[in-house]
Amino acid sequence: MKKWLAIGMSTMLFGSALAGCSSGEEKTAGKETSGTKNEKVEVTLAGWGGNPTEQKLLQQTLDEFQKKYPNIKVKYEVISDQYMDVIKTRLVGGEGPDVFYLDAFEAPALIKTGALEPLDKYVTDDFDINDFEKPLLDAFKGEDGKIYGFPKDYSTLALFYNKKMFEEAGVEVPKTWDELREVAKKLTKGTQVYGFGVAPELARLYYIAESKGGKVVTDNKASFADPKVVEALQPIVDMHVKDKSAAQPSEVGANWGGEMFGQGKAAMVIEGNWAIPFLKDTFPNLEYGTAEIPTINGKKATMAYTVAYVMNKNSQKKEAAWKLISFLTGKEGMKIWTSKGLALPTRKSVAAELGFDKDPLRAPIVAGASYATVWQNGTNLPIITNNFNNQFVSAFLGQRPLADALKEAQETANKEIEGNK
Amino acid sequence: MRKKAWREAGTGYLLLSPTLFVLLLFIIGPILFAIFLAFHKVQLLGTTTFEFVGFDNFKRMTGDLRAKIALWNTVKYVVLVVPCQTMLALVLAATLNAGLKGQKFFRIVYFLPTLTSSAVLTLIFMWMYNQNGLINHLLQAVGLPTYNWLGDPKVALNAIMVMNIWSTAPFFMVIYLAALQDIPDSLYEAAELDGANAIQKFWYVTVPYLRPVTSFVVIMGLIGTFQLFDQSYIFSAGSGGPNNSTLTVVLLIYQYAFKTLGTMGYAAALAFALAIIILIATLVQRRFSKEESLY
């Protein structure tokens, strides 16, 4: 009796396991057949989520697309955390989305693997490729000169300052980096309010690091221990360690600069376009202004961050995927997507039409585009950045001299790069 | 006769087959594949390639500064956390077994941390460790210095240690508690007749009697602490920072496997090395306790 019971149980378990498998197969089979022409095609689009306003705007753009191409259905998937890890793993497993976001920073390495579809052959004259800002488009060109993605939007960095605190301290908006340092001292009130909120990361310091003629990356290897780079970064460390007028967001319990600024714990931060809608939603009463980043050695400098739509090389529905990309980065789609100013358009014609250069808060950010450095440099930048960030923090906290920290970080990074070859 | 034995074995394996199938597919297969990966340079993305490189991946470890830091952090963590959590578990169990009033209530309260998912615990602790958070306020109230728990490389790993000792000790406490119920009262009575006080009873009766359980608790603790990943991953948002202070071996394996492209083989080699380190640590522990009665 017991024996039969056991057999019955195990067959049941085994049966249910098999049932699980077969339903999985059905799903994948369904996906493949939907690629034929007359049926409705489903294209998957993956991206990181934004704030609710952003999500709504993207949905609006996608609705418009589906109205124009009724037999293409867009399935939008949000990957909210560790975006690149998830995307890479899914691409390896053959379950990658057809179209997805790609940050310029990660682009060279991913293009080199051959996981992306070159888009040149799809481009028509209508698409008007020359309309894109050239540096932003170049960020998604492979070593072979082909284009692997079209930038959907961008932002540069600008100085955000708290008007009330500036008035109380009786100071002017700084025009040079030396002025900024002096002003920050006057704005600081102990550990309650810091003059300057700073993110000790390479992504935000790259333009400062290179301002004295040194190079962070040379021949796809780290070279940031260069004395010129150390000299350029030293003032940031000194502001924290000596002047006590600068702090990173985590020191005051904020997650990022925008939050620190909004909570009134920093009188100045250097942030991008993304902070404007955030401040409007979360801290509507905050009176603040923006200005171009203070000059270093009399030269203007800032960073530009851009993200593109790219196509999976193993996509079964490339025609439909291209239609989606060309709509989203085309004049019509980009105009809807950037209409609220959450992100800035990468097409000159759209930018001219929307006129963000006349918006008082966004004008400094738009102005930065002409002299910005695009946040990208070869396939090894992620490794270099990781090592830089790790060691720079210890110098920023005053635990060791900056030159030593950067030297060690550079050696570690280059060893890692060497090992990956 | 032989035939019958074969048939019986056949039925046995038939009944085992679902389990065997699952074991082969999800445990033995992946182990073999990981060993295979450890000897290859693997590029999974785009065009998948496996290139045999012999012991290159293992040689690379010797020159990898981050691997050394990760191993050092992990060893520091193991050496501090395992004894602390074992002792805390024993003390908690002993107090709960002493027959105090309301001990059932305390048993539940003590056990609660173990029931919470470690990811949630970490997030809650990150709030408390915040510069303006609860822990710093408490320290300030009693006149102790405050720390930048999350941002300062000197204390970040300690912050994780404190949290982990607090959350895993109750689990081992339950194991100790079960073993304590097993100690015959006659031993205590005999000790009393010999004039032993409470501390002597604990030290000469309870502790020796619990040795096999202690051995088990230490081995499980060793394995668990060597595999520290989720807490340091959440603390540092996957980077192992600040200044590599929360970088553990498993976190490094994760970074090489999923963050940098084309280093899956090296990650597998690191995982293999970690398995050997855990094996050695366990063997050493067994040699120390000389206790082989249970497993």
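Below, chain A is the first sequence line, B the second, and so on; all start at residue 1.
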Check each atom of A:Leu91 against the heavy atoms of chain B and say whether the ones under 4.5 Å are side chain, backbone, both or neither. both
Counting heavy-atom pairs under 4.5 angstrom with chain B, the leader among A:Asn389, A:Leu110, A:Asn386, A:Val393 is A:Asn386
From A:Asp85 CG over to B:Gln255 CD, what is the distance, rounded to the nearest 0.5 angstrom? 9.0 Å
For atom OH of B:Tyr147, is the number of surrounding heavy atoms from other residues, nucleotides or ligands below 6.0 Å larger than 12? no
Could you look at B:Asn244 and say if it's the side chain, the backbone, both or neither that has a heavy atom under 4.5 Å from chain A? both
From CD (A:Glu411) to CG (B:Leu65), nearest 0.5 Å: 8.5 Å
Counting heavy atoms not belonging to A:Lys112, are there more than 12 under 6.0 Å from its NZ? no
Select, from A:Thr379, A:Thr412, A:Val92, the one with the greatest count of heavy-atom pairs under 4.5 Å involving chain B. A:Val92
Within the supplied structure, the quantity of interest is the number of heavy atoms (other residues, nucleotides, ligands) at a distance under 6.0 Å from B:Phe52 CZ; does it exceed 12? yes
Name the option with the most non-hydrogen atom pairs under 4.5 Å to chain B; the candidates are A:Gly114, A:Ser394, A:Ala409, A:Ala395. A:Ser394
Would you say NZ of B:Lys154 has more than 12 non-hydrogen atoms from neighbouring residues, nucleotides or ligands within 6.0 angstrom? no
Which bit of B:Tyr233 is near chain A, if near means a heavy-atom gap under 4.5 Å: side chain, backbone, both or neither? side chain
About how many Å separate CG of A:Asn390 and CD1 of B:Ile69, when rounded to the nearest 0.5 Å? 8.0 Å
What are the two closest non-hydrogen atoms of A:Glu416 and B:Arg60, and how far apart are they? O-NH2, 3.5 Å
More than 12 heavy atoms from other groups under 6.0 Å of NZ on B:Lys259: yes
Quick check on A:Lys141: does its NZ atom have over 12 non-hydrogen neighbours (other residues, nucleotides or ligands) under 6.0 Å away? yes
Which region of A:Lys313, side chain (C-beta onward) or backbone (N, CA, C, O), has a non-hydrogen atom less than 4.5 Å from a non-hydrogen atom of chain B, or is it both or neither? neither
B:Asn57 versus chain A, heavy atoms under 4.5 Å apart: side chain, backbone, both or neither? neither
Using non-hydrogen atoms and a 4.5 Å limit, figure out which bit of B:Ala257 sits close to chain A: side chain, backbone, both or neither. neither
Value for CG (B:Asp64) from CD (A:Glu418), rounded to nearest 0.5 Å, stands at 13.0 Å
Let me know if A:Asn387 has heavy atoms under 4.5 Å from chain B in its side chain, its backbone, both or neither. side chain
Can you tell me which portion of B:Tyr256 sits under 4.5 Å from chain A's heavy atoms? Options are side chain, backbone, both or neither. side chain
Is the shortest side-chain heavy-atom distance between B:Asp152 and A:Gln399 below 4.5 Å? yes
Contact part of A:Gln82 toward chain B, heavy-atom cut-off under 4.5 Å: side chain, backbone, both or neither? side chain
